[in-house]
A.B. asks: 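There's a structure below that I have some questions on.
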Amino acid sequence: MSTDTAPGPDTVLDGDGDGALRSRLLADVTALRESFDAGTTRDIDARLAQLAALRRGLRSEEPRLARALAADLGKSRTESALTEIGVVTREIDHTMRHLRSWLRPSPLPPGLLLAPAAGELRREPLGTTLIIAPWNYPVNLTLAPLVAAIAGGNTALVKPSEVVPATSAALTHLLRTHLDPAWVRVVEGAVPETTILLQQRFDLIFYTGNAAVGRIVARAAAEHLTPTVLELGGKSPVFVDDGVDLAATARRIAWGKFTNAGQTCISPDHLMATARTAEELVPHLRRAVHALYGKDPRRSPDYGRLVSATHFDRVLGLIDDDKVVLGGTAGADRATGFIPPTIMTGVERDDAVMGQEVFGPVLPILVVDGPDEAIARIRAGEKPLTAYVFSNRRAIRERFAHETSSGSLALGLTLAHVGIPRMPFGGVGESGMGAYHGEAGLAAFTHAKPVIRKPLRPDTLRMIYPPYRGLRKALLRLLLR
Ligand code: NAD
């Protein structure tokens with residue numbers, strides 16, 4: 001666990017130092033823009049070669065990355081392989097396999113009105129892009145967007161999160177050692193560095209993190225009319241319907257909630273069920289947590305830690321021990337960032353834990369009358385990144401799909417769907433805008449450009465030029481009916 005957010009390693013904030021920092025960052029942006037302008041990143045084989053280099057780098061630097069993730073977040077090597085390095089490797093493989101076909105221009109016939117003519121849709125690179133990453137899955141959420149940036153034929157400046165200093169250093173080493181600086185450069189640092197970067201003109205800013213900073217990014221981007229992809233968070237709800245297999249449901253929810261100690265953007269934030277189902281579910285959840293992390297999760301090598309003292313204090317403040325049925329504040333340890341898997345029942349809408357994204361190992365359970373109330377509650381709040389529904393009834397599942405809006409909807413599972421490159425991953429409304437992974441990532445990092453060609457002869461366009469009289473007028477009226 002790190003202590004509070006520290007300035008980046010090279011940060012000098014005063015006097016000439018500030019100027020030196022600015023010059024260094026501008027030099028990186030300029031170099032990337034020049035190499036984009038020189039056409040370095042256009043060639044598809046060259047893109048594939050950079051992706052292959054990233055894949056090799058991931059493999060050879062895996063021990064260093066895993067050690068860093070363990071130091072910053074207490075992640076086990078297996079969890080790092082599964083949720084960080086493995087996800088990026090699959091993303092690279094999927095992208096390399098399909099890139100040529102995704103980039104093949106697709107025919108876009110202009111139709112009778114312009115005949116004879118031919119059209120197609122091409123995906124062109126955007127230019128020099130900026131990727132700002134968060135701390136919770138720092139390898140995955142820094143490199144998966146980078147895969148899309150490279151695939152799209154862009155240059156990229158990457159800013160890992162300063163909240164995980166060991167992982168930021170390991171990522172920097174990986175990218176500087178294995179990738180071409182004409183394509184990718186890294187800037188380590190915090191607010192001062194990011195603020196300077198955000199003043200520069202980029203062709204896309206891809207930001208992952210909280211919505212308050214998301215607004216800062218969007219405001220800065222507006223200055224240059226730079227498009228943004230904002231991957232934000234929010235309170236992803238779970239509804240458990242009466243009559244489902246509670247043992248299996250509890251295992252899926254417990255795993256989704258307590259992976260990475262709940263510090264997952266799509267972690268099940270809170271659970272809604274009828275009084276009977278909520279009561280019956282609790283012992284199953286307890287058993288599921290014990291099966292995952294043993295009777296003493298502090299000793300489990302697979303249970304993570306809170307990333308910093310600030311986050312520890314915030315999450316601990318959300319726990320109301322009077323409502324706790326598992327875990328609670330008693331076993332927490334600030335020195336190591338340990339908060340036990342905690343479940344609270346009888347939670348009300350105005351409890352502290354419902355006032356913000358939990359983003360920690362605390363599962364509040366709210367009693368609702370049934371699906372109607374659960375749907376109404378989701379609709380009353382901000383649009384979540386993901387909604388989870390466990391129900392045997394098809395009609396109920398469909399109602400959630402039709403009547404609620406969220407970045408994604410997962411029926412009968414938690415978390416696992418984001419590891420699949422075919423599924424676009426992104427939010428809606430307060431949970432973000434834009435999406436990536438697989439082809440969606442390529443779409444985010446390219447411009448879909450229609451290219452149309454019409455021979456000069458026969459000059460059929462003369463038919464629509466003024467003056468509009470006689471036969472021409474009658475014909476046009478006929479065509480436009
Ligand atoms: P964070 O603190 O690492 O911040 C994210 C990035 O923003 C960092 O690189 C940081 O340096 C930069 N930053 C911070 N303050 C800034 C400022 N004032 N100006 C410019 N840049 C600044 O991460 P976080 O925000 O604590 O991440 C957690 C949040 O992110 C949660 O809300 C979570 O749900 C969300 N999240 C979303 C996704 C997703 O894919 N949608 C993934 C992970 C996390």
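Every heavy atom of this structure was used, including side-chain atoms; hydrogens, water molecules and symmetry mates were not. Everything numeric in this text was worked out from a predicted model, so none of it was measured. Read the numbers this way: they start at 1 and go in the same order the structure lists the ligands and their atoms.
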A.B. asks: Return the closest protein heavy atom for atom 26 (O) of ligand 1 as residue, atom name and distance.
C.D. replies: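 Residue, atom and distance for the closest contact: W135 NE1, 2.9 Å.
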A.B. asks: Return yes when Y207 approaches ligand 1 closer than 4.0 angstrom through a heavy atom, no otherwise.
C.D. replies: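 Under 4.0 Å: yes for Y207.
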A.B. asks: Could you tell me whether the side chain of D351 reaches within less than 4.5 Å of the side chain of K323, counting heavy atoms only?
C.D. replies: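 In short, these two side chains touch, coming nearer than 4.5 Å.
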A.B. asks: Can E62 and R77 be counted as an ion pair, charged N to O under 4.0 angstrom?
C.D. replies: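 So E62 pairs with R77 through a salt bridge.
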A.B. asks: When you measure from atom 3 (O) of ligand 1 to every protein heavy atom, which one gives the shortest distance, and what is it?
C.D. replies: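 The answer is S161 OG, 2.6 Å.
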A.B. asks: List the closest protein heavy-atom neighbour of atom 41 (N) of ligand 1: residue, atom name, distance to the nearest 0.1 Å.
C.D. replies: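 Going by distance alone, atom 41 (N) of ligand 1 is nearest to L232 O, 2.6 Å.
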A.B. asks: Go through Q263 and H311 one step at a time and tell me if the side chain to side chain donor-acceptor pair (under 3.5 Å) criterion holds.
C.D. replies: CA-CA 10 Å; Q263 301 164 112; H311 285 273; 5.6 Å; no
A.B. asks: Taking the side chain as every heavy atom from C-beta outward, state whether T264 and T83 have any pair of such atoms under 4.5 Å apart.
C.D. replies: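 Result no, sub-4.5 Å side-chain heavy-atom pair not found.
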A.B. asks: Could you tell me whether E357 and ligand 1 have an N or O pair separated by under 3.5 Å?
C.D. replies: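 It does: an N or O of E357 is found under 3.5 Å from an N or O of ligand 1.
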A.B. asks: Just which atoms of ligand 1 are under 4.0 Å from any heavy atom in N136?
C.D. replies: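 In order of numbering, the contacting atoms are 43 (C), 44 (C).
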A.B. asks: For R397, does the CZ atom have more than 12 heavy-atom neighbours from other residues, nucleotides or ligands under 6.0 Å away?
C.D. replies: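 Yes, enclosed.
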A.B. asks: Should T167 and D72 be marked as a side chain to side chain donor-acceptor pair (under 3.5 Å) after you check the CA-CA gap, both sets of side-chain angles, and the distance that decides it?
C.D. replies: CA-CA 7 Å; T167 312; D72 286 329; 2.6 Å; yes
A.B. asks: Taking the six-membered ring for Trp, are F400 and F239 ring centroids under 6.0 Å apart?
C.D. replies: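 Yes.
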A.B. asks: Taking the minimum heavy-atom distance to atom 42 (C) of ligand 1, which of G432, C265, G426 ranks first?
C.D. replies: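 Among G432, C265, G426, the closest heavy atom to atom 42 (C) of ligand 1 comes from C265.
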A.B. asks: Within the structure, does K159 bring an N/O atom to less than 3.5 angstrom of an N/O atom in ligand 1?
C.D. replies: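 Such a contact does occur with ligand 1.
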A.B. asks: Counting only nitrogen or oxygen atoms and a 3.5 angstrom limit, does E162 reach ligand 1?
C.D. replies: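 N/O-N/O distance below 3.5 Å exists for this pair.
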A.B. asks: Kindly say whether A211 contributes a backbone atom to a donor-acceptor pair with the side chain of E430 at under 3.5 angstrom?
C.D. replies: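 No, the answer is negative, given that no donor and acceptor are paired below the 3.5 Å cut-off.
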A.B. asks: Does R185 reach the main-chain N or O of P181 with its side chain, forming a donor-acceptor pair under 3.5 Å?
C.D. replies: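 Side chain of R185 to backbone of P181: a pair is present.
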A.B. asks: Got the closest protein heavy atom to atom 21 (N) of ligand 1, with its distance?
C.D. replies: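 For this ligand atom, the closest protein heavy atom is T194 CG2, 3.2 Å.
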A.B. asks: How far is atom 6 (C) of ligand 1 from its nearest protein heavy atom, and which residue and atom is that?
C.D. replies: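 For atom 6 (C) of ligand 1, the nearest protein heavy atom is A133 O, 3.5 Å.
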A.B. asks: Near F425, which atoms of ligand 1 are under 4.0 Å from a heavy atom of that residue?
C.D. replies: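 Under 4.0 Å from F425, ligand 1 has these atoms: 40 (O).
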A.B. asks: Tell me which protein heavy atom sits closest to atom 13 (N) of ligand 1, plus the residue, atom name and distance to 0.1 Å.
C.D. replies: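 The answer is V213 CG1, 3.8 Å.
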A.B. asks: Tell me if the centroids of the rings in Y436 and F445 come within less than 6.0 Å of each other.
C.D. replies: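 No, ring centres 6.0 Å or more apart.
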A.B. asks: With only distance considered, is N210 within less than 3.5 Å of ligand 1 through an N or O on each side?
C.D. replies: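 So ligand 1 has an N or O lying under 3.5 Å from an N or O of N210.
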A.B. asks: Should you measure from each heavy atom of F359, which atoms of ligand 1 turn up under 4.0 Å away?
C.D. replies: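 Counting atoms of ligand 1 from 1, those under 4.0 Å from F359 are 28 (C), 31 (C), 33 (C), 34 (O).
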A.B. asks: Do F206 and E231 have side-chain heavy atoms sitting under 4.5 Å apart?
C.D. replies: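 They are in contact (side-chain heavy atoms under 4.5 Å apart), so the answer is yes.
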A.B. asks: Using a 4.0 Å cutoff against the non-hydrogen atoms of T208, which atoms of ligand 1 qualify?
C.D. replies: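 Checking each atom against T208, I get 5 (C), 37 (C), 38 (C), 39 (C), 40 (O), 42 (C), 43 (C).
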A.B. asks: Would you say ligand 1 has an N or O under 3.5 Å from any N or O of G209?
C.D. replies: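 Between G209 and ligand 1 (N or O atoms, distance only) the closest approach is under 3.5 Å.
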A.B. asks: Show the atoms of ligand 1 that are less than 4.0 angstrom away from any heavy atom in V191.
C.D. replies: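 Going through ligand 1 atom by atom, the ones under 4.0 Å from V191 are 15 (N), 16 (C), 17 (C), 18 (N).
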A.B. asks: Is there side-chain contact between L316 and L306, with heavy atoms separated by less than 4.5 Å?
C.D. replies: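 No, their side chains stay 4.5 Å or more apart.
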A.B. asks: I'd like to check which ligand 1 atoms, numbered from 1 as shown, lie under 4.0 Å from a non-hydrogen atom of E231.
C.D. replies: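 Result: 37 (C), 38 (C), 39 (C), 40 (O), 41 (N).
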A.B. asks: Among protein heavy atoms, which sits nearest to atom 18 (N) of ligand 1, and what does the distance come to when rounded to 0.1 Å?
C.D. replies: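 The closest heavy atom on the protein side is I216 CD1, 3.6 Å.
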A.B. asks: Heavy-atom contacts with I132 under 4.0 Å: which atoms of ligand 1 show up? List them by number with element.
C.D. replies: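 Near I132, meaning under 4.0 Å from one of its heavy atoms, ligand 1 has 6 (C), 7 (O), 9 (O).
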A.B. asks: Which of the atoms in ligand 1, numbered in the order shown and given with their element, are less than 4.0 Å from a heavy-atom of L141?
C.D. replies: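 Those of ligand 1 that fall under 4.0 Å from L141 are 42 (C), 43 (C).
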A.B. asks: So that I can tick it off, tell me whether D333 and R305 are bridged by a salt bridge, with the cut-off set at under 4.0 angstrom between side-chain N and carboxylate O.
C.D. replies: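 Not counted as a salt bridge, because no side-chain N and carboxylate O are separated by less than 4.0 Å.
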